[in-house]
Amino acid sequence: MISLEFKEIFAQEIALHIPTVTKMEVEQLIEKPKHEEQGDLAFPCFFLSKRLKKAPQEIALELESKLKHSLFETVAAKGPYLNIFLNKQTVSKNVLELILKDGSNYGTNKKGEGKNIVIDFSSPNIAKPFSMGHLRSTVIGNSISKIAEKCGYKVTKINHLGDWGTQFGKLITAYKKWGDESAVRKQPIEELLSLYVKFHKEAELNPVLEDEGRAWFLKLEEGNEEAQSLWKWFRDESLKEFSKIYDLLDVTFDFDHGEAFYNDMMGKTIEKLSNLQLLKESEGAEVVDLSEYNMPPCLIKKSDGATLYATRDLTAAIYRYEKYQFEQAIYVVGDEQSLHFRQLFLVLKKMGYSWAEGMKHTPFGFILKDGKKMSTRKGKIVLLEEVIKEAIELAEQSIADKNPSLQNKEEIAKIVGVGAIIFHDLKKERQNNVEFSLEDMLKFEGTTGPYIQYTHARACSILDKAQYDENTLSVDGLTDSYSWSVIKLLMNFPAVIEKSFAQHEPSQIAKYLIDLSREFNQYYSHVKVLTDDHLLESRLALVKAVMIVLKEGLRLLGIKAPNKM
RNA sequence: GCGCCCUUAGCUCAGCAGGAUAGAGCGACAGCCUCCUAAGCUGUAGGCCAGAGGUUCGAAUCCUCUAGGGCGCGCCA
């Protein structure tokens, strides 16, 4: 929390000289100056001008003459701002020594110690291919999990597979009408998808199909043997496909029971709702009325008696709380389900569960194709596996081009290609819609994953070439402007982690890593590290610290950092 | 019709619990490898922050309205 400490010291000093304000008030106002030449920390004095009935410029000047601290190199009033420059020598020495000592633990905090978080992400639908939308949920959720762990939480990662629901009734209908067993065995996902698409196409002409689909789902829910065995088969085939993707992305889960897991518990949920007199009959279905919140009702049971996903989500939430006593339950699910989650949380609240306060929908924008959301039903999707494979191939080409003598080319190509795809998704804010662009995903230059990986590899390369003993590295502090820019970013890392977690926003870390990489690359091109002078070890410490932070930052995004590429 | 999200450089995006001169990347143009990995670095060009009001000493940032785009709104998930 280094940068926060300096802020605190600065605030403390100001409060010391102005009795009418508290340290807290001041600390909130301290900011980072927009331009480097203005200083390292700034305090705008407008706020005090009202209270002291003095012009802010005057206040700044007064403080300038009074403030003195060994950590401040210069204190300078500039107009209504009071700017300070930190003592580069001392600060850089402290920062580098701390990072070297902490290693990959640098930036870890204890905010969540002793608390549980369950996070529901990825959650693809069985019998459908793994779409780009699920990729977003997967990489965002995976990253938030790691960030939460970094903040001390015990995290349980849940893959809430979409393995139940009317869609299976539809699929069974389609399979029985047009399906071919050997074709499904050969290419399960493709074949099941085309059946699903065909079903929706035919159903437009012949709405009776919808009824047949619903009827088959009801049979499935009632335990019909044929329905069950088809369901199990489709499910198994899908899981095989999904695990290929998770292997490529290096994502794991602690709990991967899907919706079907809750079947036996649904009755209890409905009974409870009923006992609480929350259920209301409406047009033949059972609903929870939410008109008091100005929201449409939440459907619990269909008129034919079958359940809906709200019922399953309610049941799952209750189960999860009983099992994990979470402080937060995070759902990384697309923005289009916002209403559903608002309803879900309200129903839990009405049921009297105070823990519903800890439930958070963490939505993300859509992947658009030609400005519209991609639709599985119409078969308008891009297969993730193919995109990943293409990225890896491109990375192989790059290696052949730029570094043909590299060892384990294949492994590195995988790390770089996958890194490009993950980073591309995480660098943008969650909520933004993104137009699907293969070209952008496969870029390796500029603000990309490979750019950061490359920067890391460069740092490693210097450390490889240098002869030094990690344990006896004597750090003397660095005062030149290229080093200082890097140091300032390094000391910000812990604050970035906190912010990123508070907002459930991995993009904060992604952007930070881009900034750090850029600063380090500038440093690299202007300062020759391996020069034999008295600051050599300090420079090596800087390089090492950058390497540590880049690697750890990438890890928090779910991206690996090869030592060579 | 109602609700939620979005609109910043040619393109993709940062910047938003209000603060100093609105920043990157890509693309374009001009440079840098006898020198630690050129997946890099340096420079030039490019902006009425969708529009109009309001709050404020101060608004890209907060509020209201308008326009444009996206997504939802009972038996899909």
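Heavy-atom basis, side chains included; hydrogens, waters and symmetry copies ignored. The sequence lines fix the lettering, A, B, ..., with proteins before strands; numbering per chain opens at 1.
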Please produce a list of atom pairs where a protein N or O lies less than 3.5 Å from an N or O of nucleotides 2-5 of chain B.
none

### Task
Spell out protein contact along nucleotides 24-31 of chain B as letters: B when the base is contacted, S when just the sugar-phosphate is, - when no protein heavy atom is under 4.0 Å; keep the 5' to 3' order.
SSS-----

Which pairs would a plain distance check flag for residues 278-286 of chain A, meaning a side-chain donor or acceptor within less than 3.5 Å of a matching protein atom at least two apart in sequence or in another chain?
residue: E281(A); atom: OE2; partner: G284(A); partner atom: N; Å: 2.8

### Query
Using Watson-Crick and G-U wobble pairs with both distances under 3.5 Å, what is the 5'-to-3' dot-bracket string of RNA chain B, with [ ] for crossing pairs and | for pairs outside the strand?
(((((((..((((.....[...)))).(((((.......))))).....(((((..]....))))))))))))....

Please output the side-chain donor-acceptor pairs of residues 416-432 of chain A that fall under 3.5 Å, not counting sequence neighbours, one pair per line with the distance.
residue: D425(A); atom: OD1; partner: R136(A); partner atom: NE; Å: 2.8
residue: K427(A); atom: NZ; partner: T447(A); partner atom: O; Å: 3.0
residue: K427(A); atom: NZ; partner: T447(A); partner atom: OG1; Å: 3.4
residue: R430(A); atom: NE; partner: P363(A); partner atom: O; Å: 2.9
residue: R430(A); atom: NH1; partner: Q503(A); partner atom: O; Å: 2.9
residue: R430(A); atom: NH1; partner: H504(A); partner atom: O; Å: 2.7

#### Entry: Close approaches to RNA chain B from residues 458-465 of chain A, in residue order (heavy atom, under 4.0 Å)
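Residues of residues 458-465 of chain A that come under 4.0 Å of RNA chain B are, in numerical order, R458(A), S461(A), I462(A), K465(A).
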
### Message
Give the residues of residues 403-418 of chain A touching RNA chain B, defined as any heavy atom closer than 4.0 Å, sorted by residue number.
### Response
V416(A)

### Task
Return no unless some side-chain N or O of K528(A) is found under 4.0 Å from OP1 or OP2 of C36(B).
no

### Task
Among residues two or more places apart or on two chains, list those pairs meeting salt bridge (charged side-chain N to carboxylate O under 4.0 Å, His left out) that have a residue in residues 298-312 of chain A.
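Of all non-adjacent pairs touching residues 298-312 of chain A, those that pass salt bridge (charged side-chain N to carboxylate O under 4.0 Å, His left out) are E259(A)-R312(A).
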
### Message
Strictly by salt bridge (charged side-chain N to carboxylate O under 4.0 Å, His left out), give each pair with a member in residues 390-415 of chain A just once, sequence neighbours left out.
### Response
none

Under 3.5 Å between N/O atoms: give me all the protein pairs with nucleotides 43-46 of chain B, atom names plus distance.
none

### Query
Is any side-chain N or O of Y309(A) under 3.5 Å from a base N or O of A77(B), one able to act as donor and the other as acceptor?
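It does, because a donor-acceptor pair links the side chain of Y309(A) to the base of A77(B) below 3.5 Å.
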
#### Entry: Non-neighbouring partners of N403(A) that pass side-chain hydrogen bond (donor to acceptor under 3.5 Å, both in side chains), sequence neighbours left out
none

### Query
Which residues pass the side-chain contact (heavy atoms from CB on, under 4.5 Å) test with S500(A), sequence neighbours left out?
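So S500(A) forms a side-chain contact (heavy atoms from CB on, under 4.5 Å) with I147(A), Q508(A), I509(A).
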
### Task
Whole angstrom is fine here: how far is it from CG in L368(A) over to C1' in G68(B)?
15 Å

